[in-house]
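Presented below is the structure to which this report refers.
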Amino acid sequence: MDLLPALSALFGYTAFRPYQQEIITSLCRGQDVFAVMPTGGGKSLCYQLPAHVLHGVCVVISPLISLMKDQVENARANGLSAAYFNSTSTQAERRQLHHDLQDNTLDLLYISPERLGSAAFVNYMKQVNIAFFAIDEAHCISQWGHDFRPDYLALSLLAEEFPQCPVAAFTATATQQVTSDIIDQLHLRSPLEVRASFNRPNLYYQIMPKRDVKKQVLYVLRQYADESGIIYCSTRKKVDEYAAWLAEQGIKVRAYHAGLSEEERSLAQEDFRHDVCQVIVATVAFGMGIDKPNVRYVLHADMPRSMEAYYQETGRAGRDGSPARCVLFFDAQDIAQLLRFAAAEEDETRRDAAKAQIYAMLDFVQTDCCRRKSLLAYFGEDYAEHNCGACDVCTGEVARDDATQSAHLALQLIQASGCRFGKMYIVDLLMGVSSDRIVENGHTELAGFGAGKHATRKFWLFLLSALLTQGMTAIHDPEYPTLSITAKGKLFMRSDDHFFILQAAEKQLQRKQITKKLENEVSSYNAELFEALRSRRHELALAEHVPAYMIASDAVLRAMAALLPRNRRQMLEINGMGEKKWEKYGEIFLGVIDKHCRALPERRGTQA
Ligand code: ADP
Ligand code: ZN
């Protein structure tokens, strides 16, 4: 079956993303599918397109009721016929749905997993002409995963109750263990298994030690004046504090955490989607189902608790494929706090798992190779390039210093003083400060006392924190944060190994430079026209109460501002401009382009 005409008519795209075509072909042939694809990889198209092409309805199982309305709206905007059925459906909606199912006019039906727990519903669905089932966020069925939902267990009956219907399971996170668990639980029958690359080439990764985090955050924000971004903090208190502070700086910001009411949270999310606010400051509670494609940056004001969390959270940037930036700020205190949280976990296995995740995160922030390479390595993927060109290590934003001698000196002093003191005391020893306490302890006599005078206190504090984060030292009791030396540290003291510290270079790259590194072809487009199109889109979005990106993405508008289409055919050649969008908005945008070209006849053509 030639799928390209449908791809272009419905979605306006000219080519499939990796694996989309294989998945769709399998579904059309009646084969089950299991697909792990990163956020933004284009999972929804994998079931939406066959839903339209095949007879019968595609039943999509989706975990969040709050999202279903959006998903339906989004599908309808592309010209698919879609509906949802959940506890919020009204009588009238249910009646309409019944008719549509009887008439076989629906492409997509979104339901929540608990529907399948009802025998009456299952029996009803047996009368319906179902093309296939699509399961979103399929990892929720696995107890090994991190988002287990008991509701999802009901899905294991699909294969038995609807033996003639193929099942397609999609997720963005699944280790090998979770993968085989999902396949077992769902009883998938020799499915097509797909594991797409987790590399997100349009994301720029940056990791920096905290200095003055608020200022560091603001510095990034200022480069993205009226664009969307997310700031993650570790606690509710911090979220409120940061949100208040940013508001004082004149930034349109909303807070989001589990301490707010359901209503406040959905309001914040709506404001974000509709570009009423520019920034969301949030805890990890802000997560699943943020499908806003034009998030230009994700900042971590604190260290995330695991690599999975980091990957997922940064993954919310740049779903539209345009350049986006991810910056993580961390310090030794973050690590101590995370370890404290982990230590409070009562179940031993889970406590160990949580600790292991924190250490993996630590390795990641301290490792001295390409961020992309080490991130992908964590997910079992080998990134072959030497220089990714889009992380702070590869672009030289980070300076890598050999601090082997200093590390030895500090460790010797920690050991000589009996591993009983905190970092301030050790810095005093290094700097040769004869404080009362040091004199009392007789530590002015230690070999190495005052041997660090050539450097600043700030340097030694940084070095001690690097020793801690690289696992050479440890703090066992956060109440009395005394530094002790780990087995790894002892091994290092006896070896010829080098110890490196990564330091943020004085000068950071500016947004423009980063964008340039991420964009393969430097696209030149008419900036004035782009702004005119954007403001027209904004008016349309307000009038229709839909998010601007649902009308057209920035990339689509930029393409218009570069190619200056003058008629339907040229308009449809733009990637992302489908039939339905043309019908609704084509003439309107043509009008803007026409007006622009007539006003400036001498400026025709493109300019950056
Ligand atoms: P996921 O659900 O995997 O996170 P989405 O289905 O939301 O990803 O898709 C992410 C973005 O990529 C959407 O804006 C979608 O329209 C776009 N997209 C999907 N498939 C293609 C394609 N073949 N060509 C261009 N853009 C695509
Ligand atoms: Zn790199």
Side-chain angles (χ1 to χ4, degrees), residues 3-4 6-8 10-24 35-49 60 62 67 70-71 74-75 77-78 80 134-138 168 170-173 194 196-207 287-295 311-312 315-322 324 326 364 367-377 383-398 400 502 509 514 517-518 547-556 559 574-578 581:
L3 298 165
L4 284 174
L7 178 70
S8 128
L10 286 174
F11 302 95
Y13 297 138
T14 43
F16 283 106
R17 291 247 177 100
Y19 300 107
Q20 285 180 327
Q21 190 160 14
E22 289 88 327
I23 292 171
I24 296 170
V36 186
M37 287 164 93
T39 310
K43 287 183 280 295
S44 33
L45 192 142
C46 295
Y47 55 82
Q48 290 187 343
L49 193 150
V60 186
S62 171
L67 271 187
D70 291 355
Q71 290 174 314
N74 230 332
N78 284 324
L80 290 134
I135 302 172
D136 210 3
E137 315 282 1
F170 298 91
T171 172
T173 44
V194 160
S197 167
F198 272 57
N199 185 20
R200 298 283 310 277
N202 61 318
L203 300 188
Y204 186 91
Y205 296 103
Q206 217 175 339
I207 301 175
M288 211 199 284
I290 310 305
D291 57 356
K292 190 174 165 59
N294 56 346
V295 175
Y311 183 81
Q312 267 197 345
R316 297 187 179 118
R319 289 174 74 141
D320 53 10
S322 296
C326 312
F364 174 64
T367 180
D368 47 30
C369 85
C370 167
R371 313 288 193 193
R372 179 167 268 105
K373 192 177 175 69
S374 44
L375 183 58
L376 291 173
Y383 182 74
E385 303 291 327
H386 269 308
N387 187 315
C388 81
C391 79
D392 54 1
V393 175
C394 290
T395 59
E397 263 194 294
V398 167
R400 182 172 178 250
L502 292 179
L509 290 185
I514 288 178
K517 291 198 183 293
L518 290 167
Y549 63 77
M550 238 183 237
I551 294 172
S553 69
D554 280 356
V556 166
I574 287 177
N575 205 18
M577 197 71 194
K581 295 272 166 82

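First listed ligand is number 1; within each ligand, the first listed atom is number 1.
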Specify the protein heavy atom at minimum distance from [atom]: its residue, its atom name, and the distance to 0.1 Å.
atom: atom 5 (P) of ligand 1; result: Ser44 OG, 3.6 Å
atom: atom 20 (N) of ligand 1; result: Gln20 NE2, 3.0 Å
atom: atom 23 (N) of ligand 1; result: Ala15 O, 2.8 Å
atom: atom 12 (O) of ligand 1; result: Arg17 NH1, 3.1 Å

Specify whether the nearest protein heavy atom to atom 17 (C) of ligand 1 is under 4.0 angstrom away. yes

Of all the heavy atoms in Asp320, does at least one lie under 4.0 Å from an atom in ligand 1? no

Which is it for Asp136 and Lys43 under the salt bridge (Lys or Arg N to Asp or Glu O under 4.0 Å) test, yes or no, and what are the steps along the way? CA-CA 9 Å; Asp136 210 3; Lys43 287 183 280 295; over 6 Å; no

List every atom of ligand 1 that sits less than 4.0 Å from any heavy atom of [X], numbering the atoms from 1 in the order shown and giving each element.
X: Pro38; value: 3 (O)
X: Arg319; value: 1 (P), 2 (O), 4 (O), 7 (O), 8 (O), 11 (C)
X: Leu45; value: 20 (N)
X: Phe16; value: 23 (N)

Nitrogen or oxygen of [X] less than 3.5 angstrom from that of ligand 1:
X: Gly42; value: yes
X: Pro293; value: no
X: Asn575; value: no

Search all heavy atoms of Gln48 against all heavy atoms of Ala75 and return the closest pair with its distance.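 Smallest heavy-atom distance, with atoms named: NE2-CB, 3.9 Å.
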
What are the two closest heavy atoms between Tyr19 and Ala196, and how far apart are they?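 Closest pair (atom of Tyr19, atom of Ala196, distance): CE1-CA, 3.5 Å.
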
[atom1]-[atom2] distance between [X] and [Y], expressed to the nearest 0.5 angstrom:
X: Met37; Y: Phe198; atom1: CE; atom2: CZ; result: 10.0 Å
X: Leu49; Y: Ile24; atom1: CG; atom2: CD1; result: 4.5 Å
X: Cys370; Y: Glu385; atom1: SG; atom2: CD; result: 9.5 Å
X: Cys391; Y: Arg371; atom1: SG; atom2: CZ; result: 6.5 Å

With the side chain counted from C-beta on, respond yes when Met550 and Asn74 share a heavy-atom pair under 4.5 Å apart, and no when they do not.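 SC-SC contact between Met550 and Asn74 confirmed.
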
Pairwise side-chain contact, Phe16 with Leu4, heavy-atom cut-off 4.5 Å (strictly under):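 Touching, per the 4.5 Å side-chain cut-off.
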
Metal-centred angle, SG of Cys388 through the Zn ion (ligand 2) to SG of Cys394, rounded to 10 degrees: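 My answer is 110°, to the nearest 10°.
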
Classify the contact between [X] and ligand 1 as side chain, backbone, both or neither, using a heavy-atom distance cut-off of under 4.0 Å.
X: Ala172; answer: neither
X: Tyr13; answer: side chain
X: Met37; answer: neither

Asp320 side chain to Ser322 backbone, donor-acceptor under 3.5 Å: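 Side chain of Asp320 to backbone of Ser322, a donor-acceptor pair under 3.5 Å: yes, one is there.
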
For the residue pair Gln20 and Tyr13, confirm or rule out a side-chain donor-acceptor distance under 3.5 Å.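 No, no side-chain donor-acceptor contact under 3.5 Å.
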
